[in-house]
Engineer: 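Dropping a structure here in structure tokens format, bear with me for questions.
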Amino acid sequence: MKLLQVKHPLVKHKIGLLRAADISTKQFRQLTAELASLLTYEATKDLLTETVSIETWSGAVEIEQIQGKKVTIVPILRAGLGMLDGVLELLPNARISVVGVYRDEATLQPVPYFQKLAANLEQRIAIVVDPMLATGGSMIATIDLLKQQGAKHIKALVLVAAPEGINALAQAHPDVELYTAATDRCLNEHGYILPGLGDAGDKLFGTK
Ligand SMILES: O=P(O)(O)OC[C@H]1O[C@H](OP(=O)(O)OP(=O)(O)O)[C@H](O)[C@@H]1O
Ligand SMILES: O=c1cc[nH]c(=O)[nH]1
Ligand SMILES: [Mg+2]
């Protein structure tokens, strides 16, 4: 599996701010969206362009346009919604495919509960977004579902990844590309990432 930890200074700075225990809901939301944009910039570096001729004020000019496959963004409910606006900022025409998966607190197993996917997934690059890759179960279940519906080209964007989740995802879906802002130490006995962010969904939605 291709794994890219984005080392840009802005990413390092913003992920650091996101870890503060006393962060406000507003700041958590804002940084999550900003980091999502920065990861999207990295994850779209290999999009192909083609040269086309357009009319400008000074005559015909050749410009480059993104060609080929269209994109669908796939936020995993709930916490993935916090990244959606940041991705849309750079890909404003992308279709959105929503997948609901929660992690059973006792078993840590993913429980899918919603899906509404864009059409023609086989013709699209799917960019799956979720701030946390812990055991990897939620991401793997989402990618299983996308592949069952025809998706062939999948990139996953996360803010914090645990080694356990990276290994599980690499085993289950070696063809997927994973972009992360940080790779953390390990999971605790409740399956939370250390040092991590805590519960990203609760922080984004102001629950608990
Ligand atoms: O890698 P995993 O072990 O599957 O854990 C990561 C998942 O857990 C969190 O979701 P959660 O179940 O808390 O749902 P929420 O987003 O609705 O809070 C997080 O947003 C991921 O989806
Ligand atoms: O550390 C973790 C693990 C799963 N889900 C979260 O929101 N945080
Ligand atoms: Mg949660």
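Atoms considered below: every heavy atom in the structure, side chains included; atoms not considered: hydrogens, waters and symmetry mates. One-based numbering, in listed order, for ligands and for the atoms of each.
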Engineer: Is there a path of hydrophobic side-chain contacts, each under 4.5 Å between heavy atoms, that joins Ile73 and Leu204?
Structural biologist: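 The answer is yes; both residues are in one hydrophobic cluster.
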
Engineer: Kindly say whether Gln27 contributes a backbone atom to a donor-acceptor pair with the side chain of Ser24 at under 3.5 angstrom?
Structural biologist: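 Answer holds: yes.
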
Engineer: When you check the space around the Mg ion (ligand 3), which protein N, O or S atoms turn up under 2.8 Å?
Structural biologist: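 Sorted hits: Asp199 OD1.
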
Engineer: For Ile66, does the CD1 atom have more than 12 heavy-atom neighbours from other residues, nucleotides or ligands under 6.0 Å away?
Structural biologist: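 No, the 6.0 Å shell around CD1 holds no more than 12 heavy atoms from other groups.
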
Engineer: Between the side chain of Gln149 and the main-chain N/O of Leu117, is any donor-acceptor distance below 3.5 Å?
Structural biologist: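 Judged by distance alone, no pair lies under 3.5 Å.
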
Engineer: Check the side chains of Gln5 and Thr183 for a donor-acceptor pair under 3.5 angstrom, ignoring hydrogens and angles.
Structural biologist: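 The criterion, which ignores hydrogens and geometry beyond distance, is satisfied for Gln5 and Thr183.
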
Engineer: Identify, chain by chain and in numerical order, each protein residue with a heavy atom under 4.0 Å from an atom of ligand 2.
Structural biologist: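 Residues Arg103, Met132, Ala134, Gly191, Tyr192, Ile193, Gly198, Asp199, Ala200 each place a heavy atom under 4.0 Å from ligand 2, listed by chain and number.
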
Engineer: Could you note down all residue pairs passing salt bridge (Lys or Arg N to Asp or Glu O under 4.0 Å) where residues 133-162 supplies at least one of them, sequence neighbours left out?
Structural biologist: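 Listed by first then second residue: Asp46-Lys155, Lys147-Asp175, Lys155-Glu177.
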
Engineer: Output the distance between atom NE2 (His13) and atom NE2 (His8), rounded to the nearest 0.5 Å.
Structural biologist: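 The NE2 atom of His13 sits 12.5 Å away from the NE2 atom of His8.
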
Engineer: Taking a hydrophobic cluster as the set of Ile, Leu, Val, Met, Phe, Trp and Tyr residues connected by side-chain heavy atoms closer than 4.5 Å, whether directly or through intermediates, do Met132 and Tyr113 fall within one such cluster?
Structural biologist: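 Yes, one cluster joins them.
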
Engineer: Would you check if there is a donor-acceptor pair between the side chains of Thr207 and Arg78 at a distance under 3.5 Å?
Structural biologist: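 A donor-acceptor contact under 3.5 Å links the two side chains.
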
Engineer: Look only at the side chain of Arg103 and the backbone of Gly191, and say whether a donor-acceptor pair between them is shorter than 3.5 Å.
Structural biologist: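 Side chain of Arg103 to backbone of Gly191, a donor-acceptor pair under 3.5 Å: yes, one is there.
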
Engineer: Checking the side chain of Asp104 only, and the main-chain atoms of Thr107 only, is there a donor and an acceptor separated by less than 3.5 Å?
Structural biologist: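 Yes, because the side chain of Asp104 sits within donor-acceptor range (under 3.5 Å) of the backbone of Thr107.
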
Engineer: Side-chain heavy atoms nearer than 4.5 Å, only ILVMFWY residues, links allowed to pass through others: does that put Val99 and Leu84 together?
Structural biologist: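 Shared cluster, no.
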
Engineer: What residues come within 4.0 Å of ligand 1, counting heavy atoms only?
Structural biologist: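 Within the 4.0 Å shell of ligand 1, which is judged on heavy atoms, sit Leu77, Arg78, Ala79, Tyr102, Arg103, Asp130, Met132, Leu133, Ala134, Thr135, Gly136, Gly137, Ser138, Asp199, Gly201.
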
Engineer: Do Lys203 side-chain atoms and Leu197 backbone N/O form a donor-acceptor pair below 3.5 Å?
Structural biologist: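 A pair under 3.5 Å: yes.
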
